[in-house]
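To start, the structure itself, in structure tokens.
As the structure lists them, so they are numbered: ligands from 1, and atoms in each ligand from 1. Along the sequence shown, residues are numbered consecutively beginning with 1.
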Amino acid sequence: MKYAIILVLAVAATIESTNGCKIKRRSEFGDGSGDDGYYCVCDMTYCDEAPNVSKTTNYSKYFLITSSKSGFLFHVSNGIYKKSKTIDTSAPLGKITINRKDVYQEIYGFGGAVTDSAAMNIHNLTLEVSEQLLRSYFGPHGINYNFIRTPMGGCDFSMRPYTYAMVENDTSLHHFELQVEDNLFKIPIIKRAQKIKKGKIKLLTAPWSASLWMKTKNSWTLDAKLRPEYRQLWADYFVKFFEAYRHNGLEFWATTSQNEPENYKYIPVINNNTLINAMAWTAEEERDWIINNLAPTLKKNNFGHIKIFIMDDTRLSMPDWPKIVFKDKRVKDIVSGTAVHFYFDHFISPSVLDEIKELFPEHSILYTEGCAGVFEDQKVILGSWKRAELYAANIIENMSHWVSTWIDWNIALDTNGGPNWIQNFVDSPIIVNSTANEFYKQPMFYAIGHFSKYVPPGSKRIGIKSKNIANMRKVAFSTSDGGIVLVILNLNEEDKEILIQDPEKGTTKLKILAKSLNTMKYW
Ligand SMILES: *[C@@H]1O[C@H](CO)[C@@H](O)[C@H](O)[C@H]1NC(C)=O
Ligand SMILES: *[C@@H]1O[C@H](CO)[C@@H](O)[C@H](O)[C@H]1NC(C)=O
Ligand SMILES: *[C@@H]1O[C@H](CO)[C@@H](O)[C@H](O)[C@H]1NC(C)=O
Ligand SMILES: *[C@@H]1O[C@H](CO)[C@@H](O)[C@H](O)[C@H]1NC(C)=O
Ligand SMILES: *[C@@H]1O[C@H](CO)[C@@H](O)[C@H](O)[C@H]1NC(C)=O
Ligand SMILES: *[C@@H]1O[C@H](CO)[C@@H](O)[C@H](O)[C@H]1NC(C)=O
Ligand SMILES: CC(=O)N[C@H]1CO[C@H](CO)[C@@H](O)[C@@H]1O
């Protein structure tokens, strides 16, 4: 794979918007891929909001929020459920039936990552515009994010590789210190987000690599491991990190023990030159380190409440990794669950998630990282509807297989999809153009919002049955604000009429636009 910087040259035309924002269209002449769509420009003067729908006294009424390749962005309409007899169900229409009695996993929420790069990009906007950006994710008129993942030290989305223990052989961690990336960028951005969200954001972290002197090879990347003699020191390092963030007023909800411990196996298959920050572990090593070092050390230092998740890697590591860890009875009260990344999902059937959930029902499954543009030459594509479909299909499919949380990668990147010290550029739901002091809400932003805004934390996935709905994806929830949400993704090039049936409400006929994502919500 080439990691070339490819600027988006598509000619953008401003058109009338459906939600008040200045929207631009990716030109048909872009790259001939037909991957057309619209994105919204937010600047000093204007930024669109995610519409709030709330309970009405009208028992039959539902709201339908629609975004589409044809230019709808969170467009709200409504309709009413009718008693079945009054609807002509003779035509061979597709049909989706809600089954409220079939109750599955709890949804903990949605979020994204505040990497060094994301925080620097946001910081590069004026205070006013950057506040709009943060409100778009975390504000009452935004898409209701309640998770932030932030790396413990440097990752590829940093300007340089680093840790908090750069002084060689500092085995007492006497010189441990947060860096300029934390102090000037990540901590202020996370605190502003917390303020907007009134402290309700759950923070997660993971290290990408230990200091070079702690590793078996003098290398930031791939198969270099933690030296066995530094296992306790590495647990102490986690405590130092949590103490330093606590000192800055930030508490963590969870940690994983390592980001992508198996990426030494697959990164070389994609790109032999990638120096991605990494540290290799086996499942057995990770399990024993958590039991012997991390968990007792956190407990002893008043961080025992921080949840520990394992793996934090792609499904290529499943089902073996969680099996090896969870079969050991000692982890039962120590490890909360498995963290999964969405790259390579297409290689392995989602049934591995069902298998793990069946074997170990007490351990939850979180999606902790995913993004578009990893495998394509063109990193940032403004207005790509295909990438909105990728996100929506992924959330729908994964939540249908027991996933409780869906956390995006960088919450904001620049127009190249960076910065990234190894030029491993990718796309993001929000692209910042600091030269113009504006940012662009991509179709991916609306795609996540169709779930995160309308399915609040504490909701549960419920069952649905369907027939005759080829090329449509769907998932339903019973929401913690007392409602029902049905999300439907239409991948077809044509509009579709389908019947929606909820035995408690009746039946309604919906017109689902070609290439659209729809959230139906009612109480
Ligand atoms: C959205 O609606 C809910 C009630 O359903 C309400 O609690 C909340 O304050 C509303 N948010 C805004 C921004 O109006
Ligand atoms: C419920 O709302 C629908 C659509 O707005 C309307 O046609 C209907 O009369 C309303 N029913 C009641 C009882 O208000
Ligand atoms: C921030 O803006 C400055 C000046 O426009 C630019 O040189 C720098 O690369 C930007 N930083 C990031 C992280 O984009
Ligand atoms: C650190 O320890 C290693 C192994 O004992 C040693 O080879 C190296 O010279 C030490 N480095 C410093 C700067 O003391
Ligand atoms: C990486 O190097 C290995 C060994 O030389 C080779 O087999 C593989 O095809 C290379 N992968 C790529 C993507 O170039
Ligand atoms: C960023 O803004 C500058 C200045 O307005 C503009 O020339 C450039 O085309 C913008 N970049 C993108 C990708 O829209
Ligand atoms: C575990 C799981 O269901 N993964 C799915 C996530 O979504 C992608 C994209 O739709 C699928 O390819 C995966 O199978």
Side-chain angles (χ1 to χ4, degrees), residues 5-15 21-27 29-31 37-46 53-65 76-83 86-87 121-122 124-126 129 133 163 165-175 210-218 224 226-230 233 373 378-384 387 412-419 425-445 500 502 505-511 520-523:
I5 307 174
I6 296 169
L7 283 170
V8 182
L9 296 173
V11 185
T14 306
I15 67 146
C21 86
K22 280 190 274 182
I23 72 173
K24 287 191 176 181
R25 180 174 203 182
R26 185 166 178 245
S27 163
F29 310 106
D31 57 5
Y38 292 81
Y39 60 98
C40 185
V41 181
C42 291
D43 59 17
M44 293 279 283
T45 56
Y46 195 79
V53 296
S54 49
K55 192 170 176 167
T56 69
T57 50
N58 189 333
Y59 181 76
S60 308
K61 186 169 172 175
Y62 61 80
F63 296 95
L64 185 67
I65 300 101
V76 185
S77 58
N78 58 62
I80 51 168
Y81 268 113
K82 295 180 181 150
K83 291 293 163 220
T86 63
I87 289 212
N121 288 324
I122 296 169
N124 251 8
L125 294 164
T126 59
V129 176
L133 191 158
T163 69
M166 294 297 273
V167 175
E168 210 171 297
N169 299 349
D170 176 19
T171 53
S172 61
L173 296 178
H174 182 71
H175 298 282
S211 310
L212 295 182
W213 59 269
M214 296 183 195
K215 298 174 81 174
T216 52
K217 283 185 188 170
N218 188 35
L226 181 69
R227 286 172 178 272
E229 66 267 34
Y230 291 142
L233 188 70
Q378 195 165 340
K379 298 306 174 182
V380 173
I381 304 181
L382 290 175
S384 167
R387 290 180 176 182
L413 290 176
D414 67 18
T415 52
N416 295 326
F425 302 121
V426 298
D427 210 343
S428 168
I430 287 187
I431 295 297
V432 168
N433 185 345
S434 60
T435 320
N437 192 31
E438 61 187 23
F439 63 89
Y440 312 126
K441 285 183 180 166
Q442 293 265 56
M444 290 180 278
F445 175 87
I500 309 294
D502 179 338
K505 296 278 182 183
T507 306
T508 187
K509 201 189 279 181
L510 282 189
K511 187 179 167 198
M520 186 184 183
K521 185 160 188 177
Y522 54 90
W523 282 263

Are P419 and D414 close enough that some pair of their side-chain heavy atoms sits under 4.5 Å apart? yes
What I'd like to find out is whether the side chain of Y230 reaches to under 4.5 Å of the side chain of T171, using heavy atoms alone. yes
Under 6.0 Å from the ring centre and within 45 degrees of the ring axis: does the NZ or CZ of K505 meet both conditions for the six-membered ring of Y59? yes
Proximal ligand 6 atoms for T415, defined as those under 4.0 Å from one of its heavy atoms: 13 (C)
Ligand 6 to A436, heavy atom cutoff 4.0 Å, flagged ligand atoms 2 (O), 4 (C), 5 (O)
Any sub-3.5 Å donor-acceptor pair from N121's side-chain atoms to A412's backbone N or O? yes
Has W213 got a side-chain atom pairing as donor or acceptor with V167's backbone, closer than 3.5 angstrom? yes
Compare V41, N433, V380, V432 and give the one whose heavy atom is closest to atom 6 (C) of ligand 6. N433
Residue, atom name and distance, where the atom is the protein heavy atom closest to [atom]:
atom                    : result
atom 8 (C) of ligand 4  : N169 ND2, 3.7 Å
atom 1 (C) of ligand 2  : N58 ND2, 1.3 Å
atom 7 (O) of ligand 2  : I80 CD1, 4.3 Å
atom 5 (O) of ligand 2  : N78 OD1, 4.3 Å
atom 13 (C) of ligand 4 : E168 OE2, 3.5 Å

Approximate separation, where rounding is to 0.5 Å, of D427 CG and L413 CG: 7.5 Å
Return a yes/no value: protein heavy atom under 4.0 Å from atom 11 (N) of ligand 4? yes
Is at least one protein non-hydrogen atom found at under 4.0 angstrom from atom 3 (C) of ligand 4? yes
Check the pair E438, Y440 against side-chain hydrogen bond (donor to acceptor under 3.5 Å, both in side chains), reporting the backbone distance first and the verdict last. CA-CA 7 Å; E438 61 187 23; Y440 312 126; 2.6 Å; yes
